[in-house]
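This report concerns only the one structure given below.
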Amino acid sequence: MTQGVRGTAVIPQENGFDEVTILWISEGMSCDGDSVSMTASGQPAIEDIVLGLIPGLPKVNVHNKVLSPAAGGEEFLAPYRRAARGEMTEPFILVIEGSIPNENINGDGYWTSFGNDERTGEPLTLNWWIDQLAPKAWAVVAAGTCATYGGIHAMAGNPTGCMGLADYLGWDFRSQGGLPIVNVPGCPIQPENFMETLTWVLYHAAGSAPPPPLDHMLRPQWLFGKTVHEGCDRAAYYEQADFAKDYNSPKCQVKIGCWGPVINCNVPKRGWMGGVGGCPNVGGICIACTMPGFPDRFMPFMDMPPGGSLSTMLIKPYGAVIRRLRGLTNATANREPKWHHNGPELTSGYNPRWRPYGPADPRRQAAMERNKP
Ligand code: SF4
Ligand code: SF4
């Protein structure tokens, strides 16, 4: 299979592509935490994708500065420069990590840089790279809450005026592959959330999957369609109005700052690495790090969320009664039946005279008649 190239636009092939390049840029307002987090994924691991161990995926070339075997500098920048010139022969997926600053208000300098302009020697900003690469990319993916919605760097009082990728490119942006921006929020991304999404995009590039289903905030629906609370194994405490008073408790943490009931995230359900870890499920309040309003709407983190006081008050009488009733039933369920003993008599209710119907028994004949097809 070959890929057609017209000018800078890679034309999608009906049967999909057999080679895809990933150009990952984390030079925005970023801590590289999403790049690091991605390496913790097991299903699939980034190595599985790069080594071609997943059946049906295209050959994938990953360029990410944290993982790059390149010496750095111009050697690392070469594929980015090639893509910016429109000379990439295979389709590429642009992954942005970190929020995008407003370079219109950078004063005399630059908020970001990723390589220098070869002619002027001046820094090339993240914004310049996005302007060059996003219109040519087969797909555009935003990794982490900073790249998706602005995140911590875009909080009130920040000097860079930074924002998420869709704020920068427009929410109706479409890539060369006809896809909207694919947002995978999380601060950082849950490793498998990101790798699953990337795998879906790659299967779509291979021509063997439809586009990934996204919600109105461009998040994968199957990952962000439920709330933290719906997947939290402390929700039974909530339902019984059994609330933690401090951070050493195994009970529901809503009164000590957990935002789980209103947050779209699957981490407690999924765990962090290999099903281990998480947030409220293991004692850390949910601070809503996947949400477009993060962090300002949820601060100060360790105060009870505003809706928490009403909902916990409403559930209190019901929870107290249910907890009491369940306690009684639980006490019963914790006793063995009284016929489990080593006494001289059998007290299990065994009846030695009971027999199933014999072959000649008329009741058996009648039952067989009844059950005839
Ligand atoms: S700890 Fe948070 S997410 Fe878990 S049950 Fe309580 S409120 Fe819900
Ligand atoms: S559970 Fe809450 S704090 Fe944890 S990853 Fe999800 S949104 Fe972030």
Side-chain angles (χ1 to χ4, degrees), residues 31 33-34 36-38 40-41 142-152 155 164 183-197 215 217 219-316 318-319 322-323:
C31 67
D34 303 302
V36 175
S37 188
M38 173 185 61
S41 176
T145 301
C146 298
T148 53
Y149 308 127
I152 287 178
M155 69 188 290
N183 278 340
V184 187
C187 194
I189 46 169
Q190 197 278 353
E192 269 126 16
N193 278 358
F194 183 81
M195 290 305 296
E196 249 180 39
T197 307
D215 69 11
M217 296 308 288
R219 298 170 285 207
Q221 285 175 4
W222 77 98
L223 299 173
F224 295 93
K226 297 278 186 289
T227 64
V228 168
H229 187 72
E230 285 164 339
C232 179
D233 62 11
R234 297 187 181 215
Y237 286 107
Y238 186 110
E239 188 226 8
Q240 294 178 178
D242 212 354
F243 301 113
K245 294 187 177 58
D246 61 45
Y247 295 99
N248 298 313
S249 167
K251 298 178 179 176
C252 169
Q253 302 177 110
V254 72
K255 279 175 171 284
I256 52 173
C258 184
W259 277 85
V262 290
I263 302 308
N264 297 82
C265 176
N266 63 352
V267 160
K269 182 120 183 143
R270 172 161 236 178
W272 198 260
M273 286 190 288
V276 176
C279 300
N281 52 320
V282 289
I285 53 171
C286 171
I287 59 172
C289 76
T290 56
M291 299 303 276
F294 179 77
D296 297 272
R297 291 227 167 111
F298 309 101
M299 292 166 67
F301 293 135
M302 290 162 101
D303 286 359
M304 178 160 60
S309 119
L310 178 63
S311 61
T312 55
M313 194 179 74
L314 289 176
I315 204 161
K316 218 168 173 179
Y318 161 86
I322 288 293
R323 200 169 357 137

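Just so it is clear, the values below take in all heavy atoms, side chains as well, and ignore hydrogens, waters and symmetry mates. Numbering of ligands and ligand atoms starts at 1, following listing order.
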Which residue owns the protein heavy atom closest to [atom], what's the atom, and how far is it?
atom	answer
atom 4 (Fe) of ligand 1	C232 SG, 2.4 Å
atom 3 (S) of ligand 2	I287 N, 3.4 Å
atom 2 (Fe) of ligand 2	C286 SG, 2.3 Å
atom 1 (S) of ligand 1	Q253 N, 3.3 Å
atom 8 (Fe) of ligand 1	H229 ND1, 2.1 Å
atom 6 (Fe) of ligand 2	C265 SG, 2.3 Å

Notebook entry, point to check: Would R270 and E192 count as a side-chain contact (heavy atoms from CB on, under 4.5 Å) if you check the C-alpha gap in whole Å, the side-chain angles of each, and the deciding distance to 0.1 Å?
Noted result: CA-CA 9 Å; R270 172 161 236 178; E192 269 126 16; 3.7 Å; yes
Margin query: Classify the ring geometry of F298 against W259: parallel below 30°, tilted from 30° to 60°, perpendicular beyond 60°.
Written below: perpendicular
Would you mind running through ligand 1 and noting each atom that sits below 4.0 Å from a heavy atom of [X]?
X	value
V228	3 (S)
G260	3 (S)
C258	1 (S), 2 (Fe), 3 (S), 7 (S)
P261	7 (S)

Does [X] use its side chain to pair, donor to acceptor, with the backbone of [Y] at less than 3.5 Å?
X	Y	result
S37	D34	no
Y247	I256	yes
T312	G308	yes
T148	P185	no

Note to self: I need the minimum non-hydrogen distance between C258 and C286, along with the two atoms involved.
What the structure shows: SG-N, 3.6 Å
Check: Which atom names give the shortest non-hydrogen contact between F301 and P295, and what distance separates them?
Finding: CZ-CB, 3.9 Å
With a cut-off of 4.0 Å, which atoms of ligand 2 are near a heavy atom of [X]?
X	value
T290	7 (S)
C279	1 (S), 3 (S), 4 (Fe), 5 (S)
I263	7 (S)

Note to self: Test of understanding: given a 4.0 Å heavy-atom threshold, classify the contact between V267 and ligand 2 as side chain, backbone, both, or neither.
What the structure shows: side chain
Item checked: ligand 2 contact on C289 by region, counting heavy-atom pairs under 4.0 Å -> both
Note to self: With rounding to the nearest 0.5 angstrom, report the CD to CG distance, Q253 to D246.
What the structure shows: 10.0 Å
Notebook entry, point to check: Is it the side chain (CB and beyond), the backbone, both or neither of C252 that lies under 4.0 Å from ligand 1, heavy atoms counted?
Noted result: both
Item checked: Heavy-atom check, side chain of V228 versus side chain of C279, under 4.5 Å -> no
